[in-house]
Amino acid sequence: QVQLVESGGGLVQAGGSLRLSCAASVRTFSSYAMGWFRQAPGKEREFVAAVSASGVSTDYSDSVRGRFTNSRDNAKNLVYLQMNSLKPEDTAVYYCASARTRSAQTMPKNTVYWGQGTQVTVSS
């Protein structure tokens, strides 16, 4: 059973930064793409970012591209989401996910496991 545990959420002012972390308890962590999704109140869950199994390739939604950076440390089974220039519309619960694929581009359609989520609130 794979467990994903997010941390690093919190309250930040618009224009500020946060770094989310996701710890994965899986022996074959480096074999799978990882990513982040978010869900704001009253809205559907949406894709945010993905990183390939090797960590070389990434993919982002248009709404966060250029502001967020998805990375991973395969030696430590950790995934990161660095969020800069945060906006109030980034407020949501952020979920870490693993996928049954190595590719960042196909990660969103191949999710398998999810974390419990961490709240990010951006005040104006």
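Numbering of residues begins at 1 and proceeds along the displayed sequence. These numbers were taken from a predicted model, which means no experiment stands behind them.
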Next item on the list: Treating Ile, Leu, Val, Met, Phe, Trp and Tyr as nodes and any side-chain heavy-atom pair under 4.5 angstrom as an edge, say whether Val5 and Val26 lie in one connected cluster.
Entry: no

Margin query: Please report the interatomic distance OH(Tyr95) to CG(Leu20), rounded to the nearest 0.5 Å.
Written below: 13.0 Å

Note to self: Once salt bridge (Lys or Arg N to Asp or Glu O under 4.0 Å) is applied, what residue pairs with a partner in residues 79-103 remain, sequence neighbours excluded?
What the structure shows: Arg38-Asp90, Arg67-Asp90

Margin query: Working to the nearest 0.5 angstrom, can you tell me the gap between Asn70 CG and Ser57 OG?
Written below: 11.5 Å

Margin query: To check you understand the geometry: which heavy-atom pair defines the closest contact between Ser103 and Ala33, and what is its length?
Written below: O-CB, 3.5 Å

Margin query: Is there a path of hydrophobic side-chain contacts, each under 4.5 Å between heavy atoms, that joins Met34 and Tyr60?
Written below: yes

Next item on the list: Measure the spacing between SG of Cys22 and CZ of Arg72 and express it to the nearest 0.5 Å.
Entry: 10.0 Å

Next item on the list: Over all heavy atoms of both residues, which pair between Met107 and Ala97 is shortest? Give the atoms and the distance, please.
Entry: CE-O, 3.4 Å

Next item on the list: Could you tell me which non-hydrogen atom of Ser17 sits nearest to which non-hydrogen atom of Asn84, and how far apart they are?
Entry: OG-OD1, 2.9 Å

Next item on the list: Can you tell me which residue pairs pass the ring-ring contact (aromatic ring centres under 6.0 Å, His included) test with a partner in residues 13-53, sequence neighbours excluded?
Entry: Phe37-Phe47, Phe37-Trp114

Note to self: Would you say CD of Gln3 has more than 12 non-hydrogen atoms from neighbouring residues, nucleotides or ligands within 6.0 angstrom?
What the structure shows: no

Checklist line | Check: Val122 main-chain N/O paired with Thr91 side-chain donor or acceptor under 3.5 Å | finding: yes

Next item on the list: State the OG-CD distance between Ser124 and Gln13, to the nearest 0.5 angstrom.
Entry: 9.5 Å

Check: Looking just at side-chain N and O atoms, do Ser61 and Ser63 make a donor-acceptor pair shorter than 3.5 Å?
Finding: yes

Note to self: If hydrophobic clusters are built from ILVMFWY residues whose side chains come within less than 4.5 Å, do Phe68 and Val12 share one?
What the structure shows: yes

Next item on the list: Ignoring hydrogens and angles, tell me if any N or O in the side chain of Asn74 forms a donor-acceptor pair with the backbone of Ala53 under 3.5 Å.
Entry: yes

Check: Can you find a pair of side-chain heavy atoms, one from Leu4 and one from Ser98, that are under 4.5 Å apart?
Finding: yes

Next item on the list: Would you give the length of the straight line joining atom OG of Ser30 to atom CG of Asn77, rounded to the nearest 0.5 angstrom?
Entry: 8.0 Å

Check: Does Glu6 reach the main-chain N or O of Gln116 with its side chain, forming a donor-acceptor pair under 3.5 Å?
Finding: yes

Note to self: So which atom in Thr111 and which in Pro108 form the shortest heavy-atom distance, rounded to 0.1 Å?
What the structure shows: CG2-O, 3.8 Å

Note to self: Is there a side chain to side chain contact (heavy atoms under 4.5 Å, CB included) between Val48 and Leu81? Walk through the geometry before answering.
What the structure shows: CA-CA 10 Å; Val48 174; Leu81 185 67; 4.3 Å; yes

Item checked: Val51 to Ala104 - nearest heavy-atom pair and separation -> C-CB, 3.9 Å

Check: For the hydrophobic clusters of this structure (ILVMFWY residues joined by side-chain heavy atoms under 4.5 Å, transitively), does one cluster hold both Tyr113 and Tyr94?
Finding: yes

Note to self: Determine whether a donor-acceptor pair (N or O, by modelled atom type, separation under 3.5 Å) exists between the side chain of Asp59 and the backbone of Ala49.
What the structure shows: no

Next item on the list: Would you give the length of the straight line joining atom CG of Leu18 to atom CD of Gln82, rounded to the nearest 0.5 angstrom?
Entry: 8.5 Å

Notebook entry, point to check: Do Thr69 and Tyr80 have side-chain heavy atoms sitting under 4.5 Å apart?
Noted result: no

